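Only a predicted model underlies this, so the values are computations on that prediction, with no experimental measurement involved.
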Number of protein chains: 2
Amino acid sequence: MTLTAKAEETRERILDAALRLFRERGFDETTMRDIAAEAEVATGAAYYYFRSKEELVVAFYVRTAEEAREIVPKILGRSGDLRKRLRALIDLKLKQFADDRRLLLAIARIGVDPSHSLSPFAKETEPMRSESIDSFRQAVDGSDARISRDLQKDLPQLLWLYQMGILLYWIFDESPGQMRTLKLLDGTLDIVVRLIQISSLPLMGPLRKRLLSVVRAIS
Amino acid sequence: MTLTAKAEETRERILDAALRLFRERGFDETTMRDIAAEAEVATGAAYYYFRSKEELVVAFYVRTAEEAREIVPKILGRSGDLRKRLRALIDLKLKQFADDRRLLLAIARIGVDPSHSLSPFAKETEPMRSESIDSFRQAVDGSDARISRDLQKDLPQLLWLYQMGILLYWIFDESPGQMRTLKLLDGTLDIVVRLIQISSLPLMGPLRKRLLSVVRAIS
DNA sequence: GTCTATATGGAGATAGAC
DNA sequence: GTCTATCTCCATATAGAC
């Protein structure tokens, strides 16, 4: 998988050409022929580096994940408040994708099919997924919220799922400045944090255990 | 939109041929040429009646919705228990689609894109959607559960959304007999009903109001 | 209105040049 | 290993026959 310098340059040229065209005219409106022409290679060359058009979008997604790796520790250092920490993580993602929001539509189409190898839920994308889940683990563990031990184990995954839901809503949110998503985020994040606290009360043990056993049975 | 008898027969022949082939070899593996050939018409004829391959799946979906219209009142007559009533509605859908579960994958791909005219969330499919939501309204209204008035208004839509989530999970559930979905249903339905009851307590007014205001802001 | 014959344009595959 | 030229197959469009 290690590429020569020349190959690496060709690959980057194709990816850049693709992202440029996707931004200009949209994913569906851009053909692989267009991309190859823009990068000044034959169509087959584009397929040599990216097995499908969707894989170009995934490559973009991977780029942002690499960026995030460096940023996450910084933004988590700012506060111990769980709500703020979660908000920081989600805001980062939204910011990273802000200019290419519609592009994620292509990923969303794949995303609903977990058997597709490029789905965020597929085995093949496990490394990226667990890295993302792990950032939620950091957000939880480093916070000053008191969370029952059993919940603490599965919470990061649940929060990641919550983030995916928010992202999905955002992708299709055509309200000005996507303010509907911001409202959704404002409203639900508050509820989520409150539910975490409520369900961590000893009184809530039975309901919490039931919920967690369902979560474990299906995931 | 009223078809002559002959046209109606052709349309049915094409739809039946399509569903037969979809079942035999799957949606992606069946081409419009295959379908037209199986129905003994030209490719264009298939497109005359169905604007796209997906529309054939939607036609199937509409068939089951028509069936359901007669069955729903019967199954809701059997018990006043909210949990049982909701379970009956969801079980019906699962039963109706049981033999063509994988076919719904084609709808799921569309489904995530609310701007697609065939999405269950699109304006164009509003009649079907509201009929389905209305069956949940019947399930709630006719039950013996005590539900706060404000929640009662939005609850049917929320329950419909819950059902869509279950269906989505089921479509991709490859466990034997889809028992994972049944576990998910068993576990979550219990929690859902309990949450409805808990949140209807006067004590929960503020949290409930916050939740409902979010729901209204985004839908 | 109902349908056939034929055309178009794109995703992806492949043989083989270098 | 990198890449070009060319091919196949399909969804969908369209002109026009009946």
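For dC3(D), one of the phosphate oxygens OP1 or OP2 lies less than 4.0 angstrom from a side-chain nitrogen or oxygen of Thr10(A). The phosphate of dG12(C) has OP1 or OP2 within less than 4.0 Å of a side-chain N or O from Tyr47(A). For dT4(C), neither phosphate oxygen OP1 nor OP2 lies less than 4.0 angstrom from any side-chain nitrogen or oxygen of Thr43(B).
Per the geometry, OH belonging to Tyr48(A) stands 15 Å off C1' belonging to dT14(C), to the nearest Å. Distance, Ile35(B) CD1 to dC3(C) P: 16 Å, rounded to whole Å. Going from atom CE of Met32(A) over to atom P of dC10(D) covers 20 Å, rounded to whole Å. Taking atom CD on Glu40(B) and atom P on dT4(C), their separation rounds to 11 Å, with Å as the unit. Residue Asp34(A) contributes atom CG, which lies 13 Å from atom P of dG9(C) at whole-angstrom precision. Look at CZ on Arg51(A): it is 12 Å from P on dG12(C), rounded to the nearest Å. Distance Arg11(A) CZ to dG1(D) C1': 15 Å, rounded to the nearest Å. Look at CD1 on Ile14(B): it is 11 Å from P on dT2(C), rounded to the nearest Å.
Ring geometry, Phe121(A) versus Trp160(A): the interplanar angle exceeds 60°, so the pair is classed perpendicular (tilted spans 30 to 60°).
Looking at Thr10(A) and Tyr48(A), their side chains never bring a donor and an acceptor atom within 3.5 Å of each other.
Residue contacts shown for Ala7(B) are limited to sugar-phosphate atoms, with no base heavy atom under 4.0 Å away. Within the nucleic acid shown, Arg33(B) comes within 4.0 Å of at least one base atom, counting heavy atoms only.
Listed nucleotides: dA5(D), dA11(C), dT2(D). Nearest to the side chain of Lys6(A): dT2(D). Here the side chain of Ala45(B) is nearest to one of dC3(C), dT12(D), dT4(D), namely dC3(C). Checked against dC3(C), dA11(D), dA11(C), the side chain of Tyr49(B) finds its nearest nucleotide in dC3(C).
Interatomic distance, CG of Leu56(A) versus CE of Met32(A), reported as 5.5 Å (0.5 Å rounding). The OG1 atom of Thr188(A) sits 10.5 Å away from the CZ atom of Arg210(B) when rounded to the nearest 0.5 Å.
Between Asp190(B) and Arg194(B), at least one side-chain nitrogen of the basic residue sits less than 4.0 Å from a carboxylate oxygen of the acidic one, meeting the salt-bridge criterion. The pair Arg63(B)-Glu67(B) fails the salt-bridge criterion, with no side-chain N (NZ, NE, NH1 or NH2) lying under 4.0 Å from an Asp/Glu carboxylate O.
For DNA chain D, if you chain together Watson-Crick or G-U pairs that step i with j, i+1 with j-1 and so on, the runs of at least three with distances under 3.5 Å are C:1-18 with D:1-18.
One N or O on the side chain of Arg101(A) and one on the backbone of Asp173(A) form a donor-acceptor pair closer than 3.5 Å.
Comparing Val41(A) and Glu54(B) against DNA chain D, the residue whose closest nucleotide sits nearer the 5' end is Val41(A).
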